[in-house]
There are 2 protein chains.
Amino acid sequence: MTTIYDIAKKANVSPMTVSRVINNKGNISEKTREKVEAVIKELNYIPNSAAQSLNIKKTKLLSLIITDITNPFFTKVARGAADKANQMGYQLILCNTDENYEKESEYINALISKRVDGVIIAPTGDQSTKNLKKLIKNRIPFTLIDRQIEDVSCDRVLGDNYEGTKLLLQHLIDYGHQRIAMVHGPLTISTSKERYQAYIETLKINDLKIDPAFLVETHYKQEKQWNGIAHLVNVSPADRPTAIFAANNFIAIKIIKSLREKKIKVPEDIAVVCFDDLELFSDFDPFLTVSSQPAYDFGYLGTQLVIERVDEVGPADYRTINLKPELVIRKSSGTPIK
Amino acid sequence: MTTIYDIAKKANVSPMTVSRVINNKGNISEKTREKVEAVIKELNYIPNSAAQSLNIKKTKLLSLIITDITNPFFTKVARGAADKANQMGYQLILCNTDENYEKESEYINALISKRVDGVIIAPTGDQSTKNLKKLIKNRIPFTLIDRQIEDVSCDRVLGDNYEGTKLLLQHLIDYGHQRIAMVHGPLTISTSKERYQAYIETLKINDLKIDPAFLVETHYKQEKQWNGIAHLVNVSPADRPTAIFAANNFIAIKIIKSLREKKIKVPEDIAVVCFDDLELFSDFDPFLTVSSQPAYDFGYLGTQLVIERVDEVGPADYRTINLKPELVIRKSSGTPIK
DNA sequence: CTGTTAGCGCATTCAC
DNA sequence: GTGAATGCGCTAACAG
């Protein structure tokens with residue numbers, strides 16, 4: 001491996017001079033700069049960033065911690081983060097936690113060891129506070145995206161789960177639905193919790209009764225077999241909900257599959273709506289009615305905010321950016337009842 | 001930041017001893033090990049991997065270079081790579097090239113500077129040879145995935161584009177289609193080229209005439225507006241193809257959108273088939289007839305192969321793993337004609 | 001404008 | 001079983 005010493009020797013200068021031209025620092029005569037640059041090109045020299053990092057204490061490494069890149073929402077988040085990172089000269093380490101706190105902890109340790117400059121994280125849940133504190137202790141700035149964790153000093157890019165839920169439910173109610181079930185994720189995740197609370201609230205405001213049997217909990221993961229809504233539909237049609245609100249797109253898919261297997265038609269027999277779009281899909285078959293979030297921006301802005309912290313150019317006070325959801329009405333919510 | 005010196009001082013041992021317990025190397029008495037470990041835990045010490053890398057010349061960093069994580073095929077590839085990397089104790093740097101050679105080159109330079117231990121790459125095209133040579137010169141092992149580049153010393157995980165194409169076309173021909181158009185990507189990309197050649201061959205074998213007007217070239221990227229098949233459909237129905245073979249899933253989506261806008265029904269008016277599945281989608285609406293590839297395995301196996309090179313446990317000869325496509329017949333190819 | 005000295009945090013190679 | 005010296009490749013702080 002060639003080093004600045006090799007370059008220095010061949011260019012008849014000191015290693016320091018080489019370092020200076022590499023980093024464009026200090027004053028160097030045009031002549032020596034050209035000479036050094038020629039040798040660098042000739043020897044295909046590329047600086048060892050481990051050695052650089054050891055000195056300057058910056059790695060130009062960022063990490064994106066999400067639960068699953070395979071979830072279309074996070075796929076877009078990742079694209080946004082990767083774009084901003086690239087644009088700013090950073091490399092992005094991808095971490096999938098699978099909603100698993102232990103995995104998240106392992107990643108956090110590895111990232112601290114790597115001395116990444118910053119982290120963009122959608123935490124696995126409320127327990128993550130511990131991991132975030134660890135980042136703070138190690139002076140690694142991070143921005144929280146999508147999922148809220150209270151009482152942590154950091155920037156945030158969050159959605160509006162109340163608004164998104166209300167939009168969806170009000171739409172169903174306006175269509176005449178009175179029996180609306182909800183399938184939500186674990187209440188240790190802020191998005192689940194907020195959507196859950198918004199559901200309760202919206203139903204109350206509309207004087208609809210809240211039936212505990214219509215609230216089913218599942219998780220935010222993909223799986224082949226799922227029978228979460230069995231008790232919702234294995235009853236006489238009159239006792240079934242007329243609409244189901246899925247707390248995210250994965251859940252919606254599971255629900256629609258379940259319904260199809262039981263020969264229940266969407267939206268004719270039961271309407272289905274959900275949080276987060278499946279853009280690629282909706283693009284060629286506008287089917288699902290959703291509260292769509294600007295997923296790309298979560299990643300892009302989240303990354304921008306950390307980089308500002310890394311560069312210490314951000315404002316003293318931590319910021320929270322709120323990204324608005326948009327109601328997209330398509331086929332799955334059917335038509336007004338009666 | 002705490003270092004081995006801090007640990008050493010507090011534990012009353014030499015820095016070297018600390019290093020030894022961290023790396024589980026050499027002989028250490030149980031007593032001192034415990035003592036050191038206690039201090040490490042107490043001070044929340046985590047080794048600086050930049051310093052480690054500088055010595056051992058390994059970074060435990062891998063990189064996945066793909067064209068676009070947003071393409072469902074690559075999303076799965078990324079998941080496979082991330083899983084294997086995590087499982088083996090590596091971190092994964094994600095790079096999106098957007099089919100752009102310059103971007104790819106920049107990434108390659110950055111990764112060499114970072115001294116990543118290995119790279120898993122789906123190259124942008126034939127020009128990428130230069131970038132791959134650069135990796136070789138820097139002794140960074142890599143495995144080529146999905147896209148073939150000739151005459152480069154490396155492991156490969158490739159699909160079978162001939163087989164996948166034939167499966168799809170034979171299926172259409174068996175259904176009675178004689179006028180089959182193909183929309184393919186740039187012929188500088190091996191997958192495009194192979195699918196293109198397989199198209200020509202399969203048509204010939206079946207004594208079907210090859211109409212140049214039925215061969216349209218586009219690229220492998222997403223876009224909002226696209227009018228690539230205008231000349232295919234803006235003619236009298238009798239002159240139109242009865243089926244279209246899309247060289248990948250992005251293209252298929254663009255085609256189906258185009259057709260829908262022109263009120264042409266799939267598959268009633270024109271059948272559409274493509275390479276690569278859209279699993280999430282197909283899962284709840286089995287619509288597209290495809291040649292499905294085990295995307296996850298491209299990433300998983302690709303990563304496994306590089307790690308074997310990094311660890312120098314692979315066989316002397318470079319390997320090529322061929323992953324078989326599977327024909328999945330769904331609605332978009334319609335029913336037998338007449 | 002350029003070179004010298006020192007040290008980043010750790011592991012390797014020898015001693016003991 | 002443990003420690004001391006040395007260097008990985010580079011840059012910061014100085015000197016000239």
Side-chain angles (χ1 to χ4, degrees), chain A residues 1-37 39-40 43-61 109-117 138-140, chain B residues 1-37 39-40 43-61 109-117 138-140:
Chain A
M1 204 73 285
T2 103
T3 73
I4 41 171
Y5 287 90
D6 302 321
I7 307 296
K9 191 175 287 177
K10 195 146 194 183
N12 274 317
V13 294
S14 77
M16 197 54 232
T17 302
V18 178
S19 171
R20 277 194 263 260
V21 337
I22 289 168
N23 299 295
N24 245 315
K25 251 180 176 174
N27 293 325
I28 299 164
S29 73
E30 254 322 294
K31 263 175 62 183
T32 54
R33 141 164 284 117
E34 277 165 19
K35 190 172 55 178
V36 171
E37 273 169 352
V39 179
I40 287 178
L43 268 53
N44 283 305
Y45 169 74
I46 297 181
N48 180 329
S49 71
Q52 293 182 137
S53 299
L54 206 50
N55 280 288
I56 63 177
K57 282 142 183 23
K58 291 268 179 264
T59 56
K60 286 284 174 185
L61 236 34
N109 283 336
L111 297 174
I112 292 174
S113 178
K114 285 272 172 298
R115 301 296 193 261
V116 295
D117 289 341
N138 285 276
R139 296 171 194 294
I140 297 179
Chain B
M1 205 74 281
T2 103
T3 74
I4 42 169
Y5 288 89
D6 302 321
I7 306 296
K9 190 176 288 178
K10 194 144 194 183
N12 273 316
V13 294
S14 76
M16 195 53 234
T17 303
V18 177
S19 173
R20 277 194 262 260
V21 336
I22 289 168
N23 299 296
N24 246 315
K25 252 180 175 175
N27 291 326
I28 299 163
S29 72
E30 255 322 295
K31 262 174 65 184
T32 56
R33 141 162 285 115
E34 277 166 18
K35 191 171 51 178
V36 171
E37 275 170 351
V39 178
I40 287 179
L43 267 53
N44 282 306
Y45 168 74
I46 297 181
N48 179 329
S49 71
Q52 292 181 138
S53 300
L54 205 50
N55 280 289
I56 62 177
K57 281 137 181 29
K58 292 267 178 267
T59 55
K60 286 287 174 183
L61 237 33
N109 283 336
L111 296 174
I112 291 173
S113 177
K114 283 271 171 299
R115 302 297 194 262
V116 295
D117 289 341
N138 284 277
R139 297 173 194 295
I140 297 179

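Chain letters run A, B, ... following the sequence lines, proteins first, then strands; residues in each count from 1. Reckoned from all heavy atoms, side chains included, excluding hydrogens, waters and symmetry mates. All of these numbers come straight from a predicted model, not from anything done at the bench.
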Looking at D:dC10, C:dG9, D:dT11, which one has an atom nearest to any side-chain atom of A:Leu54?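 Nearest to the side-chain atoms of A:Leu54, counting from C-beta on, is C:dG9.
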Between D:dT2, C:dA11, D:dC10, which nucleotide gets closest to the side-chain atoms of B:Ile56? C:dA11
What integer distance in Å separates [X]:[atom1] from [N]:[atom2]?
X        : N      : atom1 : atom2 : result
B:Gln52  : D:dG9  : CD    : P     : 16 Å
A:Ile40  : D:dC10 : CD1   : C1'   : 13 Å
A:Ile46  : D:dC10 : CD1   : P     : 11 Å
B:Asn55  : C:dA11 : CG    : P     : 7 Å
B:Ile22  : C:dG9  : CD1   : P     : 13 Å
B:Lys58  : C:dT12 : NZ    : C1'   : 16 Å
A:Asn138 : C:dG9  : CG    : P     : 13 Å
A:Asn12  : C:dG3  : CG    : C1'   : 14 Å

So, OP1 or OP2 of [N]: does either fall under 4.0 Å of a side-chain N or O from [X]?
X       : N      : value
A:Ser19 : D:dT11 : yes
B:Lys57 : D:dG9  : yes
B:Thr17 : D:dG3  : yes
B:Asn23 : C:dA11 : yes
B:Lys31 : D:dG1  : no

More than 12 non-hydrogen atoms from neighbouring residues, nucleotides or ligands closer than 6.0 Å to NZ on A:Lys10, yes or no? no
Base, sugar-phosphate, or nothing for [X], non-hydrogen atoms under 4.0 angstrom?
X       : answer
B:Val13 : sugar-phosphate
A:Asn27 : base
A:Thr32 : sugar-phosphate
A:Pro47 : sugar-phosphate
B:Ile4  : base

Quick one: are A:Asn24 and A:Arg33 in side-chain contact, heavy atoms under 4.5 Å?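 Answer yes - side chains close enough.
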Both B:Ala50 and B:Lys25 contact DNA chain C. Which one's nearest nucleotide lies toward the 5' end? B:Ala50
Let me know, please, whether A:Ile28 or A:Tyr5 comes out on the 5' side of the other along DNA chain C by nearest nucleotide. A:Ile28
For residues B:Lys60 and B:Asp117, report the shortest heavy-atom separation together with the two atoms involved.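 Smallest heavy-atom distance, with atoms named: N-OD2, 2.7 Å.
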Quick one: does A:Arg115 reach the base of C:dG9 with a side-chain donor-acceptor pair under 3.5 Å?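 Check fails, no donor-acceptor contact within cut-off.
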When only distance counts, do a donor and an acceptor, one from the side chain of B:Arg33 and one from the base of D:dG1, lie under 3.5 Å apart?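 No such pair is found, so the answer is no.
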Are the side chain of B:Ser49 and the backbone of A:Ser113 linked by a donor-acceptor contact shorter than 3.5 Å? yes
Polar side-chain atom of A:Lys57 near backbone of A:Arg115 as donor-acceptor pair, under 3.5 Å: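 Not a single qualifying donor-acceptor pair exists.
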Which residue lies more 5' along DNA chain D, comparing B:Ser14 with A:Asn48 via nearest heavy atoms: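 Of the two residues, B:Ser14 wins.
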Qualifying residue, where the test is side-chain contact (heavy atoms from CB on, under 4.5 Å) with B:Asn138 and the options are B:Ile112, B:Asn109, B:Leu111: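 It is B:Ile112; the other options fail the test.
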